[in-house]
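Predicted, not measured: the structure shown is a model, and the values here were computed from it. Every chain is numbered from 1 and lettered A, B, ... according to where its sequence line falls, protein lines coming before strand lines.
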Amino acid sequence: MDKYDHQSIEKKWQERWVSSGAFNTPDKKDGAENFYFLTEFPYPSGNLHVGHWYAFSVPDIFVRYMRARGYNVMYPIGFDAFGLPAENAAIKNKLNPREWTFNNIEYMRGQLRSMGASFDWSREVITANPSYYKWTQWLFLQFYKKGLVYRKETAVNWCPKDLTVLANEQVVDGKCERCGSLVEQRMMPQWNIKITDYADRLIDDLKDLDWPKQIKEAQTNWIGRSEGAEIDFKLTTDVPRLNLGTLTVFTTRPDTLFGVTYMVVAPEHALAQQSDDADVKEYIEQAKQKTELERTGSKEKTGVELKGVKAINPANNSEVPIWVADYVLGNYGTGAIMAVPAHDERDREFAEKHNLPIKQIELEDSKKIVEQVGGKWTKNYHLRDWVVSRQRFWGVPIPMIHCEKCATEGENKGWNPVKETELPVVLPDLEDYLPTGEGKSPLAKKHDWVEVACPKCGGQAERETDTLDTFVDSSWYFERYTDPKNDNEFASKDKLKTWLPVNLYSGGSEHTTMHLLYSRFWHKAMFDLGLVGESEPYLKRMNRGLIMGPDGQKMSKSKGNVIDPDAVVAELGADTVRMYLAFIGPYNEVGAYPWNPNGTVGVRRFLDRVWKLEPSNSKLSPQVEILLNQTIKKVGEDIASLKLNTAVSALMILLNEIEKDVSHDAYKKFVQLLAPFAPHMAHELAERHGWKREEWETWPSFDESKLQNEMVMVAVQINGKVRATIQLKIDASEEEALVLGRQAVAKWLKGPFDSAQGKEKKAVYVPGRVINLVV
RNA sequence: GCCGGAGUGGCGGAAUGGUAGACGCGCACGACUCAAAAUCGUGUCUCGCAAGGGGUGUGGGUUCAAGUCCCUCCUCCGGCACCA
């Protein structure tokens with residue numbers, strides 16, 4: 001046969017697949033079960049890297065296998081198209097962010113097609129299209145009506161470089177997750193979504209999901225539930241004009257109540273704030289100046305006493321002093337603690353530094369104590385509500401309008417939602433995309449857009465100029481895939497029911513406590529609104545690993561270790577790259593696999609040998625026939641469990657055996673097994689052999705009776721050490737096996753066995769595997 | 001500090017408690033070639049000429065049999081962390 005010309009052959013099949021819509025998935029297919037395979041949609045950065053290939057081309061092996069097995073598989077693709085890079089490119093190069101984004105999308109479509117992946121392009125979803133974000137806004141308004149959205153002035157994370165607020169999840173080690181700048185704390189009014197209302201369900205519902213343990217653990221840690229009690233301490237003061245009431249603390253250790261020697265309130269606590277003591281005022285001011293990282297990073301225990309007021313321990317009526325210290329956080333629990341230096345390391349440090357008493361006590365029963373002092377059992381979470389306002393342009397406009405005149409009451413005072421009939425609130429183009437720098441989106445400069453009639457009173461009002469966090473966009477894209485062109489609903493009930501929940505979701509571990517948590521919450525909230533039929537969106541989730549540079553380091557331009565997939569594809573072909581990435585390691589484990597340029601050559605070598613394979617009229621030997629059946633079984637099982645590396649290895653072993661001589665039947669089966677991995681080559685071979693679709697585009701079956709050779713090699717051990725191997729009939733009895741085993745060791749290992757002869761204490765035969773003689 | 005996960009050749013990695021190192025890369029030698037590349041063949045855990053011995057981070061344990069199960073320690077990776 002001619003040399004394998006991957007360039008023309010791959011191009012030919014890719015064009016055919018696209019023009020025929022070969023992988024457009026019907027919502028129902030007779031006799032076929034639906035299977036929804038989802039992988040995180042890409043950000044249109046403008047260029048595909050090896051990570052994209054790993055994310056999309058490797059799962060395509062699984063998808064094509066499932067199709068061959070008769071499933072109606074949806075494998076959709078889209079673009080998470082809003083976000084800062086488009087805006088930054090616009091500012092830097094004087095471009096329109098919309099054009100930048102959509103040009104990138106167009107270019108990346110071509111690159112994605114070069115994978116030969118079986119995407120259903122007819123379901124493409126782009127979050128920056130008004131036809132999509134109309135429904136993002138609509139969902140936001142449903143959440144608003146349900147009371148899940150509120151506006152509040154709180155201390156928020158502010159990125160001084162990206163000039164926007166960030167959610168807690170987007171701050172890593174005190175730094176902006178995107179750009180690495182140190183995050184500052186600012187008091188700003190922002191739109192929040194009540195994810196904390198779902199904290200318990202987000203933890204408790206994990207137990208029924210077929211998800212890796214590490215993701216469940218990470219989410220549970222992130223939500224950080226702790227159970228304890230709130231206990232009131234009466235305040236007493238020698239300053240009569242103050243009516244101080246009580247000081248409530250949260251504790252997980254009510255049993256230590258008798259060991260309390262002082263109290264601590266956070267600098268933000270009302271009790272500290274209303275003090276006119278100069279020392280306290282100064283301390284509060286200092287604490288305010290600290291960044292989050294400085295405050296939680298330094299373990300040094302500073303603080304000042306709040307003079308003139310004491311707390312009374314409800315357990316024993318003893319009077320204890322109250323201190324203000326920033327090791328107590330204002331936004332957790334009640335912002336105040338009872339300090340038990342004998343039983344808490346931090347309290348001990350503080351007590352030692354400030355000469356406060358340390359009182360050893362007998363621990364008592366928590367339940368009884370809480371009951372005795374009238375405490376209230378409660379839970380606290382590390383999880384914070386989701387701040388979704390972003391002071392940036394390239395995002396979904398938040399569909400809210402501020403009207404001074406007809407201000408509604410309550411926490412959202414002054415704000416009214418845009419009428420649903422007015423959706424979408426379209427994001428306009430601007431002259432200049434520079435942020436205002438005053439904590440406002442550049443949209444604020446577009447006055448004719450901002451000024452709008454109040455939806456309630458019709459008077460002059462102003463639009464919200466912040467846009468939504470892009471994690472809102474991506475919280476429901478997989479629902480839109482089920483019905484991407486629907487103009488009347490975000491998706492029809494029927495179609496949602498047909499496809500959801502997602503059967504398998506593949507993605508990166510970096511989304512564990514961001515997208516994956518947000519979208520679980522979002523889906524649960526939609527479930528409560530009756531919009532979807534199940535409370536968990538993804539039945540099974542897997543985190544894939546990372547592809548590193550050839551030097552084992554993370555690929556980066558500065559290290560010069562970046563592999564350009566387009567170049568490798570041009571040189572060796574898409575099938576080679578797909579198969580190499582499948583071969584590099586188990587797909588369903590979070591490893592870091594270095595790209596080995598020689599490895600791709602090895603896979604290409606394998607494919608070249610496949611290409612040269614010529615079937616003949618010969619018959620397979622019984623041994624090779626067994627191997628063929630074993631391989632069919634193994635490759636199928638391995639793909640199903642995403643152990644693609646061992647599936648590839650099984651194909652290589654089979655090729656090594658059939659290379660010299662292969663029957664027509666075995667040849668076809670081999671090509672069928674190869675097809676998910678190297679679809680271009682497989683289709684080309686099928687066409688050249690004149691096979692009809694229905695004749696080969698299926699998964700071959702194996703003969704259960706031909707999985708084992710009649711004769712097997714069995715190891716003979718003495719005390720667990722292999723001393724010989726013998727040929728044995730697979731159905732040999734234990735007695736026969738042991739007789740032959742003893743003969744074998746006698747023959748091969750005269751010396752040692754002679755000395756052991758007659759001393760055999762025990763003999764074990766594991767059929768077809770091993771004989772162990774214990775002496 | 002708390003919670004997960006993982007430690008196997010020169011490298012990526014294989015091994016339902018049953019012959020450790022499959023498969024691939026690399027390397028060595030050989031064939032082809034004037035030569036090289038490509039390709040093909042053979043070998044490749046380790047000590048030993050061999051017979052044989054040793055070997056899956058450490059030390060113990062369970063078992064006829066342990067990379068695999070249990071305990072100790074060490075190292076690495078990930079999540080959380082002044083969260084009361």
Side-chain angles (χ1 to χ4, degrees), chain A residues 172-173 212-226 228 249-253 256 264 266 295-301 325-329 331-340 343-347 349-350 380-384 509-510 512-513 543 548 550 552 580 583-586 589-603 605-606 608-609 612 643 645-656 659 713-725 749-752 760-775:
Chain A
V172 179
D173 293 332
K213 204 172 180 176
Q214 68 243 38
I215 306 183
K216 295 188 181 186
E217 289 292 329
Q219 290 203 349
T220 304
N221 282 345
W222 178 259
I223 295 167
R225 174 164 65 194
S226 63
V249 300
F250 173 72
T251 178
T252 55
R253 294 292 306 277
T256 63
V264 186
R295 181 157 162 188
T296 56
S298 155
K299 305 285 180 209
E300 207 188 311
K301 302 282 178 295
D326 66 4
Y327 80 92
V328 170
L329 306 174
N331 56 1
Y332 183 79
T334 61
I337 62 157
M338 58 183 219
V340 188
H343 292 275
D344 183 283
E345 217 176 294
R346 294 151 304 180
D347 295 345
E349 271 178 55
F350 189 83
N380 266 293
Y381 307 89
H382 298 187
L383 185 73
R384 300 280 184 271
S509 57
E510 70 274 21
T512 298
T513 55
N543 280 354
M548 317 302 273
Y580 168 65
F583 190 46
I584 204 165
E589 280 176 30
V590 186
Y593 309 109
W595 177 281
N596 178 358
N598 286 318
T600 50
V601 175
V603 170
R605 215 175 270 165
F606 165 80
D608 280 336
R609 282 162 54 200
K612 283 188 222 148
K643 290 175 193 158
N645 53 335
T646 49
V648 173
S649 128
L651 288 174
M652 289 172 165
I653 293 168
L654 181 59
L655 178 67
N656 289 344
E659 203 165 22
M713 290 284 278
V714 171
V716 185
Q717 303 177 330
I718 296 176
N719 293 340
K721 296 275 178 196
V722 178
R723 289 295 181 260
T725 53
L749 298 169
K750 253 181 193 139
E760 188 182 295
K761 288 181 198 139
K762 187 170 182 171
V764 180
Y765 175 51
V766 184
R769 291 273 186 183
V770 73
I771 292 167
N772 192 13
L773 305 173
V774 187
V775 296

By the Watson-Crick or G-U definition, both distances under 3.5 Å, B:G1 is matched with B:C80
**Item:** Separation of the C1' atoms in B:A6 and B:U58, to the nearest angstrom
**Value:** 16 Å
Can you find a side chain N or O atom of A:S226 that sits less than 4.0 Å from OP1 or OP2 on B:A84?
yes
Select base, sugar-phosphate, or nothing to describe what A:V249 touches, counting heavy atoms under 4.0 Å on all strands.
nothing
Rounded to whole Å, CE of A:M713 lies from P of B:A20 at a distance of 13 Å
Rounded to whole Å, CD1 of A:I718 lies from C1' of B:A65 at a distance of 14 Å
Closest to the side chain of A:I653, out of B:C23, B:U19, B:C25, is B:C23
Is the distance from OP1 or OP2 of B:C64 to the nearest side-chain N or O of A:K761 less than 4.0 Å?
no
Out of B:G24, B:G4, B:G18, minimum distance to the side chain of A:V770 belongs to B:G18
Checking N1-N3 plus N6-O4 or O6-N4 for Watson-Crick, or N1-O2 and O6-N3 for wobble, each under 3.5 Å, the partner of B:G30 is B:C40
Taking atom types as they are modelled, is there a donor-acceptor pair under 3.5 Å from the base of B:C64 to the side chain of A:N772?
yes
(message) Rounding to an integer number of angstrom, what distance separates B:G53 and B:G1 when you compare their C1' atoms?
(response) 46 Å
* Using a 4.0 Å heavy-atom cut-off across all strands, classify A:P586 as base, sugar-phosphate, or nothing. => sugar-phosphate
Margin query: Looking at B:A14, I'd like to know if its phosphate oxygens (OP1 or OP2) sit under 4.0 Å from a side-chain N or O belonging to A:N645.
Written below: yes
_Tell me whether the side-chain N/O atoms of A:R609 come closer than 4.0 Å to OP1 or OP2 in B:U39._
no
Across every strand shown, the nucleotide meeting Watson-Crick or G-U wobble geometry with B:G21 (both distances under 3.5 Å) is none
The single option from A:I771, A:V770, A:L773 that satisfies side chain to side chain contact (heavy atoms under 4.5 Å, CB included) with A:Q717 is A:V770
In whole angstroms, the gap separating C1' of B:C23 from CG of A:N596 amounts to 14 Å
Once you apply a heavy-atom cut-off of 4.0 Å, does A:K301 come out as touching a base, just sugar-phosphate, or nothing? base
Exercise for review: Determine the Euclidean distance between corresponding P atoms of B:A51 and B:C45; express it in Å to zero decimal places.
Suggested key: 15 Å
Check: Judged by atom type as modelled, is there a donor-acceptor pair below 3.5 Å linking the side chain of A:N543 to the main-chain atoms of A:V590?
Finding: no
TODO: Determine whether more than 12 heavy atoms belonging to other residues, nucleotides or ligands lie under 6.0 Å from atom NZ of A:K643.
DONE: no
> Have A:D347 and A:Y327 got a donor and an acceptor in their side chains that come within less than 3.5 Å?
Replying inline: yes
| B:A66 to B:G54 separation - P atoms, rounded to the nearest Å | 13 Å
In whole angstroms, the gap separating P of B:A38 from CG of A:N598 amounts to 10 Å
Next on the checklist: Applying a 4.0 Å non-hydrogen cut-off, can you work out what A:Y593 is touching in the nucleic acid: base, sugar-phosphate, or nothing?
Outcome noted: sugar-phosphate
task = Sticking with atom C1', work out how far B:U19 lies from B:G67, rounded to a whole angstrom.
result = 14 Å
Base, sugar-phosphate or nothing for A:M338? Non-hydrogen atoms, less than 4.0 Å.
nothing
Checklist line | Pairwise P distance for B:G60 and B:G43, with rounding to whole Å | finding: 38 Å
### Query
Within the structure shown, what part of the strands sits under 4.0 Å from A:G602 by heavy-atom distance: base, sugar-phosphate, or nothing?
sugar-phosphate
Give a yes/no answer on whether the side chain of A:R225 brings an N or O atom under 4.0 Å of OP1 or OP2 in B:C3.
no
* Nearest-angstrom distance, P atom, B:C2 to B:U62 -> 30 Å
So A:E300, base contact, sugar-phosphate only, or nothing? Heavy-atom distance under 4.0 Å. base
Checking N1-N3 plus N6-O4 or O6-N4 for Watson-Crick, or N1-O2 and O6-N3 for wobble, each under 3.5 Å, the partner of B:G55 is none
*Does a side-chain N or O from A:N656 land closer than 4.0 Å to OP1 or OP2 of B:G24, or not?*
yes
Taken to the nearest whole Å, CD/A:E589 to C1'/B:G13 is 11 Å
Applying the 3.5 Å cut-off to both distances, the Watson-Crick or G-U partner of B:G7 turns out to be B:C74
message: On the nucleotide B:U39, are OP1 or OP2 found under 4.0 Å from the side-chain N or O atoms that A:R605 carries?
response: yes
- Query: OP1, OP2 of B:A84 versus side-chain N and O of A:Y332: anything below 4.0 Å?
  - Reply: yes
In Watson-Crick or G-U wobble terms, with both distances under 3.5 Å, the base opposite B:A15 is none
**Asked** Taking atom C1' in both B:G9 and B:G24, what distance in whole Å separates the two?
**Response** 14 Å
Between CG of A:L654 and P of B:C23 the distance, given in whole Å, is 13 Å
Check: Would you say A:Y593's side chain and A:P586's backbone share a donor-acceptor pair under 3.5 angstrom?
Finding: yes
